[in-house]
Amino acid sequence: MLNYRNNRLFVEGVPVSRLGKRFGTPLFIYSKKRIEDNYNAYRNAFSSVKNLICFANKSNSNRALLKILKNLGSGVDITSGGELYRALDAGFNPKKIVYAGIGKTEAEIIYALKSDILMFNVESIEELELLNRAAGRLKKKALIAFRINPNVDPHTHHYITTGKSGSKFGIPYEQAVAFYCYATTLENIEPAGIHCHIGSQITEVKPFLLAAKRVKKIIDELSLCGIRIRYADLGGGLGIRYRNENAPTPKGLARALSGVLKGFRGTIILEPGRSIVGDTCVLLSQVTYRKRVADKNYLIVDAGMNDLIRPTLYEAYHDIVPAERPARAKVRLDVVGPICETGDFIGKDRMLPWLGQGEFLAAKCAGAYGFSMSSQYNSRTRAAEVLVDGSKAVLIRKRETYADLVSKERR
Ligand SMILES: *Cc1c(COP(=O)(O)O)cnc(C)c1O
């Protein structure tokens, strides 16, 4: 989706510098084709089993992107009432929505029950009991999966490790059967699934395999007590290549899991976020100033940590490339934003041309946890988003205005 032609950087058939001039910067630029290809890779990889791919809305919840996925037949994994609203607003079939989250409020649970979503991924007894009472009042039966914590180490950043003991998520796998037995005693609960999600940006298949084995073992134990699991939801978490990672493909994941899940007759649910949208987008910015301090070189750009917080929050690496690349000597430099924090950087110690004021540069792989984690910190207006489809580009989210910054506040 991203390539140089005559030394100009293109997303599909459109030069990014043209989009920068037309829509301004900072600007998130997405490739429609890449989103479709990434989704289809999952569908094809798991085509030999019943499957439901539920895109993890929290990685990117732009309505236009959700509609692309909906039109391909995707479901959604939501983590809040707001994400449910977005999924319904984008036209998703509620029966393709699964709801994760350790702290669903009563209002959120009622909203999801009234919307007739497919399944609640439950993480505690108190949540289960609240769900049972709420479903009873609405005269509904709630399909549930328990999110189990399989205690496997996914070897990723500790902030995005979620399936190891000591994490706040899920219930310990050793207690799963007891939880299910209790669930069968509740009138408005139907235990129909099992769920786990062990972390994010996972670059090997082994942790998925270990988790799937634990899940399968519980499914087998439950079937001995007459509890039939119809949905095995293995979460998301497949990594992508930001720098030099060799993350497994959906096909590699499917191959690794095929042995363990042989004999499971139900539907496999997956909840990929990053691996669907991560590599479909660049964050375009423009050089505001250059400066040299204490023999360090800085390119000060107009995108900051409010637009892309991953570098400072997760020590994440985003490759940065110039939008135009005539042959120029490279220097070692930091690409930093305008915000009053030392943690405000896009990339450190990069070899890049000493670009001039006004030149464009692109941070790659900004599609997942980029815009969705952006904020107005420093009272910066949130960036605009553009979708490229072949040689066409459409604005899919307007740049916020200064008036937006104060619109909810008391006059
Ligand atoms: C965040 C999250 C996902 C998506 O993770 P990715 O790494 O973006 O694929 C899936 N399921 C749950 C429950 C999550 O919290």
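Residue numbers count from 1 along this sequence. Computed from a prediction, not measured in an experiment: that's the story for all the values here. What you see below is based on every heavy atom in this structure, not just the backbone, and it leaves out hydrogens, waters and symmetry mates. As the structure lists them, so they are numbered: ligands from 1, and atoms in each ligand from 1.
Using a distance-only test at 3.5 Å, with no hydrogens or angles considered, a donor-acceptor pair links the side chain of Glu108 to the main chain of Thr105.
Within 6.0 Å of the NZ atom in Lys217, the count of heavy atoms belonging to other residues, nucleotides or ligands does not exceed 12.
The pair Lys104-Glu127 meets the salt-bridge criterion, since a charged nitrogen lies less than 4.0 angstrom from a carboxylate oxygen.
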Using the rule given for side-chain contact (heavy atoms from CB on, under 4.5 Å), can you reason through Glu315 versus Tyr159, listing the C-alpha separation, both sets of side-chain angles and the distance that settles it, and then say yes or no?
CA-CA 11 Å; Glu315 301 161 314; Tyr159 285 1; over 6 Å; no
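Relative to the six-membered ring of Phe371, Arg397 misses at least one condition, a distance below 6.0 Å or an angle of at most 45° to the axis.
Residues Lys58 and Tyr369 have side chains in contact (heavy-atom distance under 4.5 Å, counting atoms from C-beta outward).
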What does the contact table look like for ligand 1 (nitrogen or oxygen on each side, cut-off under 3.5 Å)?
residue, atom, partner, partner atom, Å
ligand 1, 7 (O), Ser200, OG, 2.3
ligand 1, 7 (O), Gly237, N, 3.4
ligand 1, 8 (O), Arg274, N, 2.8
ligand 1, 8 (O), Tyr369, OH, 2.6
ligand 1, 9 (O), Gly237, N, 2.8
ligand 1, 9 (O), Gly273, N, 2.9
ligand 1, 11 (N), Asp77, OD2, 3.2
ligand 1, 11 (N), His197, ND1, 3.4
ligand 1, 11 (N), Glu271, OE1, 2.6
ligand 1, 15 (O), Lys58, NZ, 2.7

